[in-house]
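Step one of this worksheet: look at the structure below.
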Amino acid sequence: MPEPIEERGAKELKDILLKGAGYGIRMIVPDGISEEEMFLKLDTLSAEALSLGGGLGVVLDLQGRPLSRPSILRLMSEFIWPKGIKVLSWTAYDAATLENLKALGISTGEPVPEKRRKKDKSTPGALLLIRSLRSGQRVEHDGDVIIIGHVNDGAEVLAGGSICIWGRLKGTAHGGLDGSGEHTVVAGLFEANHIRIGTKVSASLNSDMEWWGKPVIITVEENSLVVRKLRL
Amino acid sequence: MDPRIIVITSGKGGVGKTTTTSNIAVALAKMGHRVVAVDADIGLRNLDVMMGLENRVVYNFIDVLEGTCRLNQALVRDKRADTLFLLPAAQTRTKDAVTPDQMEQLCDMLRKEFDFILLDSPAGIEGGFKNAAVGADEALVIATPEVPSVRDADRIIGMLESMGKAPIRLIVNRLRSNLVREGEMLDVRDVLDILAIDLIGIVPEDDSVVKSSNRGEPLAFGDSSPAALAFQRIASRIVGEEIPFPSFEEEQNKGFFAALKKFFGLK
């Protein structure tokens with residue numbers, strides 16, 4: 001098991017600790033407090049404290065806290081989204097928590113260094129791929145990605161810009177890899193279990209959604225992912 | 001005819017690779033082709049048992065590669081079909097016992113002796129699969145109509161494509177038409193829609209497969225069960241015959257009416 005980050009400090013702590021780091025803020029949530037206490041403390045975390053980052057990203061360090069999927073979603077819906085926190089990644093050393101985070105399509109581990117994330121803003125151009133991506137195949141490109149084909153279950157498309165998939169999207173699509181929510185994901189037929197744009201993640205999507213299996217356009221509006229049926 | 005080396009693979013375990021290998025090997029041999037079925041699943045060999053040849057295994061292909069024996073000493077001839085041979089795997093070794101270069105060398109040796117070399121691949125996407133696939137020209141991918149199996153097959157197809165294998169064709173195994181009708185199992189069309197490769201056969205779920213595996217007598221030796229007929233049709237398509245795909249439901253109905261006739265003593 002990897003050495004827990006800030007373990008000693010967290011053991012002594014009963015409060016949420018905000019620490020400055022190269023990438024922004026590290027928010028250390030001590031595992032010595034109960035889950036309800038954690039939500040209370042997060043709720044009372046002052047707006048000033050959170051604005052210290054000035055739009056910088058936050059790494060949410062859960063330490064050894066076991067966190068179920070519903071709790072993770074609660075954390076997102078009650079804390080991260082309402083407060084507009086830009087989460088770069090989540091870290092934890094509880095195996096089940098890590099698994100739950102990954103299952104929800106959430107980025108885990110230490111954040112990618114700023115130098116790598118913030119590539120030059122000159123337009124990197126679009127990548128046109130005329131083929132389907134099969135399970136296990138992955139495409140990553142700094143600019144926009146256009147796929148004339150399907151993205152099968154288990155395949156991944158990661159783009160610095162927007163993503164347009166002509167065919168069926170069953171795998172993972174992450175637009176705006178640099179954290180920007182200005183990008184769009186378009187799919188000819190949407191059947192993915194989750195979608196990501198910038199730092200926003202929607203999880204647990206399923207066939208009950210009215211736009212499931214239809215052409216969709218997905219954007220970030222007012223800090224939330226919005227899916228609409230695509231009408232041409 | 002030019003020798004053809006075909007890897008039979010799936011990604012997921014337990015979908016019927018070994019059963020398919022043994023039955024296609026038998027069906028091709030019955031057509032008069034010289035066929036060798038190679039058990040490429042080192043450490044977990046099963047093909048010898050499926051073919052009922054386990055008591056006659058002396059050497060294996062690792063022995064051939066290591067120079068312990070000659071190729072024809074390791075080959076086990078099936079007495080039920082003159083042109084059918086088995087090349088067993090070692091049970092006491094691991095997948096790391098051979099390198100891709102050695103497997104290619106083995107395939108080149110077999111190419112000189114046989115019309116069809118069928119490689120029964122181990123499950124997984126690691127070294128064992130890569131060793132089995134490296135020497136093959138073409139591939140048969142087995143998938144059962146279940147989501148995990150189809151996803152694993154998709155992964156394997158991507159890897160086979162990147163290795164330059166062609167053609168890569170699909171066998172849908174263990175189809176249960178009653179479950180398809182009830183919407184509890186993927187339809188063949190669903191599977192083809194996802195995998196987007198050519199279909200070469202559909203094998204229905206059939207109790208006789210279990211019985212034949214336990215007896216060590218591949219169905220293609222003469223059984224007329226639905227699965228046996230399906231394997232024979234696949235072998236015919238492999239050699240290039242145009243065999244239409246019968247509606248599986250029709251076969252079910254035929255089976256039902258045949259049973260009814262039998263019951264009334266009509267046949």
Side-chain angles (χ1 to χ4, degrees), chain A residues 69 99 102-105 127-141 145-159 163-174 187-195 203-209 211-216, chain B residues 7 9-13 15 121-130 132-133 139-170 172 182-199:
Chain A
R69 290 188 202 184
E99 202 173 297
K102 284 175 185 166
L104 291 169
L127 172 72
L128 174 66
L129 199 64
I130 307 177
R131 55 165 293 182
S132 293
L133 290 184
R134 294 190 179 278
S135 178
Q137 294 176 333
R138 171 190 168 104
V139 165
E140 185 169 350
H141 177 64
V145 176
I146 302 161
I147 295 181
I148 310 296
H150 303 302
V151 176
N152 287 358
D153 191 8
E156 291 182 354
V157 188
L158 309 173
I163 298 171
C164 178
I165 297 157
W166 183 276
R168 179 182 53 234
L169 171 61
K170 281 180 84 99
T172 298
H174 187 168
L189 197 152
F190 188 88
E191 288 183 358
N193 292 316
H194 77 270
I195 190 86
S204 305
L205 305 177
N206 57 54
S207 56
D208 295 338
M209 316 283 180
W211 32 262
W212 186 265
K214 296 188 170 64
V216 296
Chain B
V7 61
T9 185
S10 67
K12 189 174 182 303
V15 297
S121 160
I125 55 170
E126 295 84 14
F129 155 72
K130 286 178 184 160
L140 296 178
V141 175
I142 319 285
T144 53
E146 295 148 355
V147 173
S149 168
V150 173
R151 182 156 73 170
D152 289 357
D154 191 44
R155 178 89 164 101
I156 281 290
I157 293 165
M159 296 177 79
L160 290 166
E161 283 173 344
S162 65
M163 292 168 90
K165 308 298 169 194
I168 301 168
R169 292 183 286 189
L170 176 70
V172 177
E182 290 163 14
E184 297 295 331
M185 180 174 257
L186 293 175
D187 191 353
V188 174
R189 277 166 302 189
D190 301 331
V191 179
L192 283 174
D193 187 38
I194 295 165
L195 298 181
I197 57 170
D198 289 338
L199 179 71

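This structure is a prediction, so every number in the text was calculated from the model and none was measured. Residue numbers begin at 1 in each chain, while the letters A, B, ... track the order of the sequences. Values below: all heavy atoms of this structure, side chains included; hydrogens, waters and symmetry mates excluded.
Using a 4.5 Å cut-off between non-hydrogen atoms, the part of residues 189-196 of chain B that approaches chain A consists of B/Asp193, B/Ile194, B/Leu195, B/Ala196.
Of the possible donor and acceptor atoms, one in the side chain of B/Ser149 sits under 3.5 Å from a partner among the backbone N and O of B/Thr144. Side-chain N or O atoms of A/Lys214 include none that pairs as donor or acceptor with a backbone N or O of A/Phe190 at under 3.5 Å. Here the side chain of A/His150 pairs a donor or acceptor atom with the backbone of A/Arg168 at under 3.5 angstrom.
Taking CG from A/Asp153 and CZ from B/Arg151, the interatomic distance works out to 4.0 Å, rounded to the nearest 0.5 Å. A distance of 13.0 Å separates CD1 of B/Ile142 from NZ of B/Lys12, quoted to the nearest 0.5 Å.
Checked for salt-bridge contact, B/Asp154 and A/Arg134 meet the test: a charged N lies under 4.0 Å from a carboxylate O.
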